[in-house]
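FYI, side chains are in, hydrogens and waters are out, and symmetry mates aren't considered; it's all heavy atoms of this structure. We count ligands from 1, going down the list as the structure has it; atoms in each ligand are counted the same way. All of these numbers come straight from a predicted model, not from anything done at the bench.
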Amino acid sequence: MTDLTSLTLADAREGLTQKSFTALELTDAHLAAMEKARVLNAYVLETPEQARAQARAADATIARGDAGPLAGIPLGVKDLFATTDVRATACSKILGNFVPPYESTVTSQLWRDGAVMLGKLNCDEFAMGSSNETSAFGPVINPWRREGSDTNLVPGGSSGGSASAVSANLCLGATGTDTGGSIRQPAAFTGIVGIKPTYGRCSRWGVVAFASSLDQAGPFARTVRDTAILMRSMAGHDPKDTTSVDRPVPDYEAAIGKSVKGMKIGIPKEYRLDGMSGEIDTLWAQGADWLKAAGAELVEVSLPHTKYALPAYYVVAPAEASSNLARYDGVRYGARVNGRNIAEMYENTRAAGFGPEVRRRIMIGTYVLSAGYYDAYYLRAQKVRTLIKKDFEDVFAKGVHAILTPATPSAAFGIGEKGQADPIEMYLNDIFTVTVNMAGLPGIAVPAGKDGQGLPLGLQLIGRPFDEETLFSLGEVIEQAAGSFSARKWWA
Ligand code: GLN
C-alpha cells in the first residue's frame, strides 16, 4: 500500500470514499509517523486516543453514507486553539496545564465536518515570534535542511509546529493563526501552502487572543486545493465573535482550476527592497511570468505607505497584546506563584509565567498606551494603519484583482541565528506580510522555488476583502508551474 501520510488531503478524501483504506488506518499511519518524528518537536501534545475514536466515528459515517466533507481527515491543531478537555497552553508557561472546558468555533467546525485531531501543535509563546523559538516547549525544527548541511533550521513562526508537521507529513493539514504573518511566513519556510483569510472570515472565538484587531485563523496544507477544502469548514459567521462577518461561505474548492485570464495582477514597487536578495527578485519575476502565461495582465502598482507598516504593526500589536494578556493573573487560568499579598502574587505569577519576548511586548504595549505617549505612538500608528488600508483600496479600485509579492525576504534560517542581540532583526521577517493584517485583507503563500542552498521560497498573493477564491485560482496557477516541494526525510 502507498504511504498514507504522503497523500494530499483531496486524495485521502477520495481513498476514504472509495474505501481503499479506512479512516482508522489513515489516522494510525499518521500517529506512527508522529512518533518517529518527535525530534522535530512539532507536536506539544499527541492525542492518539481521541484521534482513534474520531477516526472510528468517521468510518461509521462513511459506511452509513452520511459522511461530512472532512470525514476521517487527520489534522493538527495549533496550541492557540481551545480544545475541550485537551490541554491548551499557547505554548506559554503561564497557562500551565490549562484544560479548556470549551472548544474554539473553528476547531468545532472541523470536527463537525468529520475531521480527526491528532494533537496540539507547537507555536511561539502567545503567537509572538517568527521562528517558533519563543515557545515554552522549545523550538520546532524545520524538516528542510540546506543542501549538504545538517544544521537545524527554524520552520518560521509563530505557527511553526503547524508548518513543520504538514511539511513532514505528520498530518494532512493544520490550523494556524496569523496576526502579522504567522501562517504565510512558516508556510513559505517549509514549502507548503498557507492562507490568512480576510479579517472576520473565521471566528476568533476560543482562539487565545494576541492582537484582536489583527488575529485571524487559517489553514495550512500541502496543496492549494487542500487549503481551500479546509477553509470551507473553518470559515463562517459566529454570533460569539462580533467581528465575524455574516456572509455565505463559498465552495472555495470550486475556484481551483478556474481561468485567471484577463485578471489584473499588481506588482507593488515598494516591495522591491534595497539589498533584497537576487534570488527573491528572480522568484518574484518568475511568478509574474507564470501568471502572465496563464493569461493574467501584470501591472505595476504603488502602495506608498508600505515602509510604515512594520513600525506601526509593532505599536498596534503589542498595545493590543498588553491589554489581552492582562487576564493572566494567576487567578483565572493555569500557573500561580504565591506572594505575601495579591499584588505580589500577580507580579510573581506574571514574572515567572511569561517568557522574554512576551514580556517585551507587554512593556512596549503598556508604554505606547500610557498617558502622555498614547497620542504620539498608538494614535499615530492607528492613523498610519488607515493609510495602509487606503493604499490597498486605491489599487483595487483601479481594477486590480490581486497583488503578487514575495512571502518572505529570505529562506529559513538556523535556530539561534537571528534576533538574539537585536529583536528587530526578527521583526524584519514580517516585512511583506504585516501590511495584509493591517488592512484586514486575505493573503496566501504558495511555494514557488528554491534558494541557492535548496531551501523552499514562497510567493504571496494578496486579495480583495472576502475574495479568497481569486487567491485560490491564482495560487494554483503558481503551484502548477512551480511543481511540488518535499523535504528529504532525515528524521526517521
Ligand atoms: N512575527 C509577528 C509577531 O511576532 C507575527 C506573529 C503572528 O502573526 N502571530 O508579531
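Listed as neighbours of ligand 1 are A127, M128, G129, S130, S158, D178, T179, G180, G181, S182, F210, Y313, Y314, R361, D430, each bearing a heavy atom under 4.0 Å from the ligand.
Side chains of S233 and Q109: no donor on one and acceptor on the other come within 3.5 Å. In summary, the side chains of Y328 and S92 do not present any donor paired with an acceptor at a separation below 3.5 Å, with no hydrogens or angles considered.
For the salt bridge (Lys or Arg N to Asp or Glu O under 4.0 Å) condition, the pairs that include at least one residue of residues 355-370, sequence neighbours left out, are E357-R360, E357-R361.
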- Going through the checks in order, is the side chain to side chain donor-acceptor pair (under 3.5 Å) test met by T89 and D79? CA-CA 6 Å; T89 68; D79 206 26; 2.5 Å; yes
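Between S159 atom OG and L80 atom CG the span is 8.0 Å, to the nearest 0.5 Å.
Between Y102 and W205, the angle of the ring planes lies from 30° to 60°, which puts this pair in the tilted group.
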